[in-house]
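Proteins get letters first, then strands, A, B, ... in listed order; numbering begins at 1 in each. The figures that follow rest on heavy atoms only: side chains count, while hydrogens, waters and symmetry mates do not.
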Protein chains: 2
Amino acid sequence: MTIAQVAERTGLTAHTLRYYERAGLLREPPDRGGNGHRRYTERDADWIRLLTRLRATGMSIAGMRRYAELARRGEDTYAARKELLEAHRAEVLGKIEQLKDDLALVEYKINVYDKLMGDS
Amino acid sequence: MTIAQVAERTGLTAHTLRYYERAGLLREPPDRGGNGHRRYTERDADWIRLLTRLRATGMSIAGMRRYAELARRGEDTYAARKELLEAHRAEVLGKIEQLKDDLALVEYKINVYDKLMGDS
DNA sequence: CTGTGAGTTGGAGCGCGCTCCAAGTCAAGC
DNA sequence: GCTTGACTTGGAGCGCGCTCCAACTCACAG
């Protein structure tokens, strides 16, 4: 699988994929074909897809690197990795609650405009 | 009300309050006391509190400026302001759904670790 | 052989949202 | 009068997450 294909499948750009690799977010750099081009496996793509979800839910690059570092250290870190993901899940759920809470004032304001305009 | 008091009440720093003012996020610059210091009204503080909620829900500085510009143009823009807030609300609700969706893969991964470790 | 297109690298640049610095003013307390 | 502390300004700097540039290599089609 070429970098362009992975970009296509993950929604990241080739630029970003190379950046993630430099940033240490991959478990290991992808293999290279005879021409020096990166060759990604399906497993690489799955990993990157997970990264995109972590990113989309607000995990920082540094957070993803920590996760990748654990993954590089092998199966001894299953528990630590699970804890990292659980902590992240809790954070995201908290953030969702916070968003709902913050929206309340916005909704209140919307109602104020309704009333100001005679609820038309 | 001094800038420090507004900072205290809104959770922003004095730096940020001045930055917001320069960025055109206030309906109008606060009055000045005889010493040249900003003097905020309760209404100013309420406005800023709304800004913090808009910001917390992901509205950009430019978006907040658009809202402030409408507010400056007076009551003719009630409808436009309401629409802006409604559009924002829809965006936030969409983002919440997206977050939940993105979390699904994270939760799947957590379960994978559970199984790998014998569900202990 | 030449062009086209897809990839490679190190490093620069960018947009956002702050965050802070330097140098100054002013008021109040000792 | 002097210090302290809260404020003022214009502008510089920063951290994050990309995003792109320049210069290059390589494989393949015509």
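- Here the C1' atom of nucleotide C:dT8 and the CG atom of A:D31 are 16 Å apart, to the nearest Å.
- Note: B:Y20 and B:W47 fail the aromatic proximity criterion, with ring centroids not under 6.0 Å apart.
- Listed pair B:R18 / C:dG17 fails the phosphate criterion, with no side-chain N or O lying under 4.0 Å from OP1 or OP2.
- In this structure, the OH atom of A:Y40 is 13 Å from the C1' atom of C:dA6, given to the nearest Å.
- In terms of position along DNA chain C, the nucleotide closest to A:A4 lies nearer the 5' end than the nucleotide closest to the other residue of the pair A:R22 and A:A4.
- The interatomic distance linking A:H15 (NE2) with D:dA22 (C1') rounds to 12 Å, in whole Å.
- One atom, CD1 of B:I3, and another, C1' of D:dT9, lie 12 Å apart when rounded to the nearest Å.
- Taking atom CG on A:L12 and atom C1' on D:dT19, their separation rounds to 13 Å, with Å as the unit.
- Look at CD on A:Q5: it is 18 Å from P on C:dG5, rounded to the nearest Å.
- Taking the nucleotide of DNA chain D with the nearest heavy atom to each of A:N35 and A:Y20, the more 5' of the two is matched to A:Y20.
- Side-chain proximity of A:Y19 to D:dC21, D:dC18, C:dG7: nearest is D:dC18.
- For B:I61, counting side-chain heavy atoms from C-beta on, the closest listed nucleotide (C:dA27, D:dC18, C:dC18) is C:dC18.
- Taking atom CD of B:E8 as the reference point, atom P of D:dA6 lies 13 Å away to the nearest angstrom.
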Review item, side-chain donor-acceptor pairs of residues 23-40 of chain A, under 3.5 Å, at least two apart:
{"residue": "A:R32", "atom": "NH1", "partner": "A:G36", "partner atom": "O", "Å": "2.8"}
{"residue": "A:N35", "atom": "OD1", "partner": "A:H37", "partner atom": "N", "Å": "3.0"}
{"residue": "A:R38", "atom": "NE", "partner": "A:E21", "partner atom": "OE1", "Å": "2.6"}

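- Here A:T2 does not reach the OP1 or OP2 of C:dA6: none of its side-chain N or O atoms lies under 4.0 Å away.
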- request: For side chain to side chain contact (heavy atoms under 4.5 Å, CB included), just list the numbers for A:I61 and A:R55, CA-CA rounded to whole Å, side-chain angles, deciding distance to a tenth of an Å, and then say yes or no.
  value: CA-CA 8 Å; A:I61 299 292; A:R55 192 72 200 89; 4.2 Å; yes
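- Of the candidates C:dG17, C:dT19, D:dA6, C:dT19 carries the atom nearest the B:T16 side chain, counting heavy atoms from C-beta on.
- One atom, NE2 of A:H37, and another, P of C:dG5, lie 15 Å apart when rounded to the nearest Å.
- Each of C:dT9, C:dT19, C:dC18 was ranked by its minimum atom distance to the side chain of A:R32; first place goes to C:dT9.
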- request: Determine, step by step, whether B:V6 and B:D44 satisfy the side chain to side chain contact (heavy atoms under 4.5 Å, CB included) criterion, reporting the C-alpha distance in whole Å, the side-chain angles of both residues, the deciding distance to 0.1 Å, and the verdict.
  value: CA-CA 9 Å; B:V6 177; B:D44 289 331; over 6 Å; no
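- Comparing atom distances between the A:R38 side chain and each of C:dT8, D:dT8, D:dC18 picks out C:dT8 as nearest.
- At the phosphate of C:dC16, neither OP1 nor OP2 sits under 4.0 Å from any side-chain N or O atom of B:R65.
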task: Mind running salt bridge (charged side-chain N to carboxylate O under 4.0 Å, His left out) on A:K100 and A:E97 for me, showing each step along the way?
output: CA-CA 5 Å; A:K100 286 179 184 169; A:E97 289 315 302; 3.5 Å; yes
